[in-house]
Amino acid sequence: RNASAFVAQTLLTASGTLLTHASRGDGGEYEYNTLTIPLFSEVLKLALSSALVLREAYGPQPPPMRLEWRSFAFSALPSFLYFMSNNFNFIIIKEIGPSAFQLLNNLKILTTAVFFRLLVKKPLSPLQWRMLVVISVSCVLSQADAGGGFQGSFKGYALKVVNSCLTALSSVFCELFLKRTENSVHLQNMQMYFWGSLFTTLSVLMSPGGQVVGRFEALFEGHNVLSSLLVCNYAFVGIATALVMKYIDNIAKTMSTTLAMFLVAFSAHALFGEPITYNLVLSMIVTGIAIDVYYRGEELSVAPTPASPPLTEFQPRGKEARAYA
């Protein structure tokens, strides 16, 4: 189970970025309405969570399931932030490419740490702050080209910074929501996915050309196999993340993200001809090491206890040792 969850987390994290890039048309534009991807995935997640809640409710030991209206209203906040973040991903990947997108995803570690410090008062060690600086500088240098400029567009980089803040805030509020009560996690997920389905539905209806009343098939225009796989990826990546954090640990989740960074870079080179620069490779290595130190710094800084030398025939034993003393 542990190995399966780890592999699923790595592959889903990498494939989501690659599928988003690959689902574009020949002209580099998305032929489908990108707002429908989060819509379909939220509806799918809501259905899956509902099925899991029913399974728990009729199980031998059902967990607490109390619907608290104040908590239900609060769940709209992380849902709205996730909704905004998911829709920005399409624009960012189009502007800066899949490899840069996956590498710059590590900026979320910095923004999440800052918001946890500001809102939850979670302390960070001096070593962790230093590693956050290393990660940030490494991400910036990875995008520099030979002429001293940057490979992507200003729009893509600006949206990536905004998106990192949105993702960090959603993580903070999501954790606060999940820990407010002892309710079933699937019931809590249902509440967030309800809001997510509502927000994504409204976004489709309010978008240009989004009048689908009486024309339901308009939702599926331009979709293909790759976009359908992307919907499933959006739906299942959250489940895989929860399994990793539940059955393994946060270090495994971090290592999974780091492996996905390398997997996306080399897959994008093989599939889409995206160049792999020295800056990118060196930045990925430095970022991976910095992430490892950020999460395991205290463990890595503890010197191993030296092993006791084995007893030899010249060393006194038992009563002889006491007599010798």
S.K.: Taking all heavy atoms of Tyr234 and all of Asn86, pick out the closest pair and write down the distance.
M.R.: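 Closest pair (atom of Tyr234, atom of Asn86, distance): OH-O, 3.8 Å.
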S.K.: Answer yes or no: is there a donor N or O on one side and an acceptor on the other, between the side chain of Ser170 and the main chain of Pro78, under 3.5 Å?
M.R.: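 Checked: no pair found.
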S.K.: Can you confirm whether Leu103 sits close enough to Met284 that some side-chain heavy atom of one is under 4.5 Å from a side-chain heavy atom of the other?
M.R.: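 In contact.
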S.K.: Tell me, please, which residues at least two apart from Ser49 pass side-chain hydrogen bond (donor to acceptor under 3.5 Å, both in side chains).
M.R.: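 Ser49: no side-chain hydrogen bond (donor to acceptor under 3.5 Å, both in side chains) contacts found.
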S.K.: I want to check something: taking the side chain as every heavy atom from C-beta on, are Tyr30 and Thr20 in contact at a cut-off of under 4.5 Å?
M.R.: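 Yes, close enough: below the 4.5 Å cut-off.
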S.K.: Looking at every non-hydrogen atom in both residues, tell me the closest pair between Glu274 and Gly97 and how far apart they are.
M.R.: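 For Glu274 versus Gly97, the nearest heavy atoms are OE1-CA, 4.0 Å.
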S.K.: Please work out which of the three classes, parallel, tilted or perpendicular, describes the rings of Phe80 and Phe83, given edges at 30° and 60°.
M.R.: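 Tilted: the ring planes of Phe83 and Phe80 meet at 30° to 60°.
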S.K.: Are any non-hydrogen side-chain atoms of Ser227 and Phe40 less than 4.5 angstrom apart?
M.R.: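 No, too far: nothing below the 4.5 Å cut-off.
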S.K.: Search all heavy atoms of Thr34 against all heavy atoms of Asn87 and return the closest pair with its distance.
M.R.: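 Heavy atoms of Thr34 and Asn87 come nearest at O-OD1, 4.2 Å.
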S.K.: Would Thr36 and His223 count as a side-chain contact (heavy atoms from CB on, under 4.5 Å) if you check the C-alpha gap in whole Å, the side-chain angles of each, and the deciding distance to 0.1 Å?
M.R.: CA-CA 9 Å; Thr36 59; His223 281 279; 2.8 Å; yes
S.K.: Counting only N and O atoms by type, is there a donor-acceptor contact under 3.5 Å from the side chain of His269 to the main-chain atoms of Pro275?
M.R.: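 Here the side-chain-to-backbone pair does not exist.
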S.K.: Taking the side chain as every heavy atom from C-beta outward, state whether Leu110 and Ile135 have any atom pair closer than 4.5 Å.
M.R.: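 No. Closest side-chain heavy atoms not under 4.5 Å.
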S.K.: Is there a side-chain contact (heavy atoms from CB on, under 4.5 Å) between Tyr193 and Leu48 once you walk through the steps?
M.R.: CA-CA 10 Å; Tyr193 297 153; Leu48 291 173; over 6 Å; no
S.K.: List for me each residue that meets side-chain contact (heavy atoms from CB on, under 4.5 Å) alongside Val53, sequence neighbours excluded, and say none if there are none.
M.R.: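 side-chain contact (heavy atoms from CB on, under 4.5 Å) list for Val53, sorted by chain: Met65, His186, Leu187, Met190.
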S.K.: Under 3.5 Å, which donor-acceptor pairs link side chains of residues 54-61 to any protein atom two or more places apart or in another chain?
M.R.:
| from | atom 1 | to | atom 2 | distance (Å) |
| --- | --- | --- | --- | --- |
| Glu56 | OE1 | Ser184 | OG | 2.5 |

S.K.: Has Ser85 got a side-chain atom pairing as donor or acceptor with Leu81's backbone, closer than 3.5 angstrom?
M.R.: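 Checked: no pair found.
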S.K.: For Arg130, does the CZ atom have more than 12 heavy-atom neighbours from other residues, nucleotides or ligands under 6.0 Å away?
M.R.: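 Not buried by this count: 12 neighbours or fewer within 6.0 Å.
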S.K.: With a 4.5 Å heavy-atom cut-off, do Ile91 and Lys155 have their side chains touching?
M.R.: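 Heavy-atom side-chain distance check passes, below 4.5 Å.
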S.K.: Which atom pair, heavy atoms only, marks the closest approach of Ser197 to Val43?
M.R.: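 Shortest heavy-atom contact: OG-N, 3.8 Å.
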S.K.: Between the main-chain N or O of Pro38 and the side-chain N or O of Ser41, is there a donor-acceptor pair closer than 3.5 Å?
M.R.: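 Yes, because the side chain of Ser41 sits within donor-acceptor range (under 3.5 Å) of the backbone of Pro38.
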S.K.: Would you please test Phe199 and Tyr82 for ring pair (Phe, Tyr, Trp, His ring centres under 6.0 Å) and show each step?
M.R.: CA-CA 10 Å; Phe199 294 141; Tyr82 278 126; over 10 Å; no
S.K.: Counting only N and O atoms by type, is there a donor-acceptor contact under 3.5 Å from the side chain of Ser267 to the main-chain atoms of Leu263?
M.R.: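 Judged by distance alone, yes, a pair lies under 3.5 Å.
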S.K.: Working to the nearest 0.5 angstrom, can you tell me the gap between Leu119 CG and Phe173 CZ?
M.R.: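 Rounded to the nearest 0.5 Å, the CG-CZ separation comes out at 5.5 Å.
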S.K.: Can you check whether Thr111's main-chain N or O pairs, donor with acceptor, with Ser164's side chain at less than 3.5 Å?
M.R.: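 Between the backbone of Thr111 and the side chain of Ser164 there is no qualifying donor-acceptor contact (under 3.5 Å).
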S.K.: Identify, with sequence neighbours excluded, every residue that meets side-chain hydrogen bond (donor to acceptor under 3.5 Å, both in side chains) alongside Thr17.
M.R.: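 With sequence neighbours excluded, Thr17 shows a side-chain hydrogen bond (donor to acceptor under 3.5 Å, both in side chains) to Gln102, given in chain and number order.
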S.K.: Quick one: are Phe101 and Val264 in side-chain contact, heavy atoms under 4.5 Å?
M.R.: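 When only atoms from C-beta onward are counted, Val264 and Phe101 do not touch, as no gap falls below 4.5 Å.
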S.K.: Tell me every residue that passes side-chain hydrogen bond (donor to acceptor under 3.5 Å, both in side chains) with Ser23, counting only those two or more places apart in sequence or in another chain.
M.R.: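 Partners of Ser23 by the side-chain hydrogen bond (donor to acceptor under 3.5 Å, both in side chains) criterion, ordered by chain and then number, come out as Tyr32.
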S.K.: With sequence neighbours left out, what residues match Phe272 under ring pair (Phe, Tyr, Trp, His ring centres under 6.0 Å)?
M.R.: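 Only His21 meet the ring pair (Phe, Tyr, Trp, His ring centres under 6.0 Å) criterion with Phe272.
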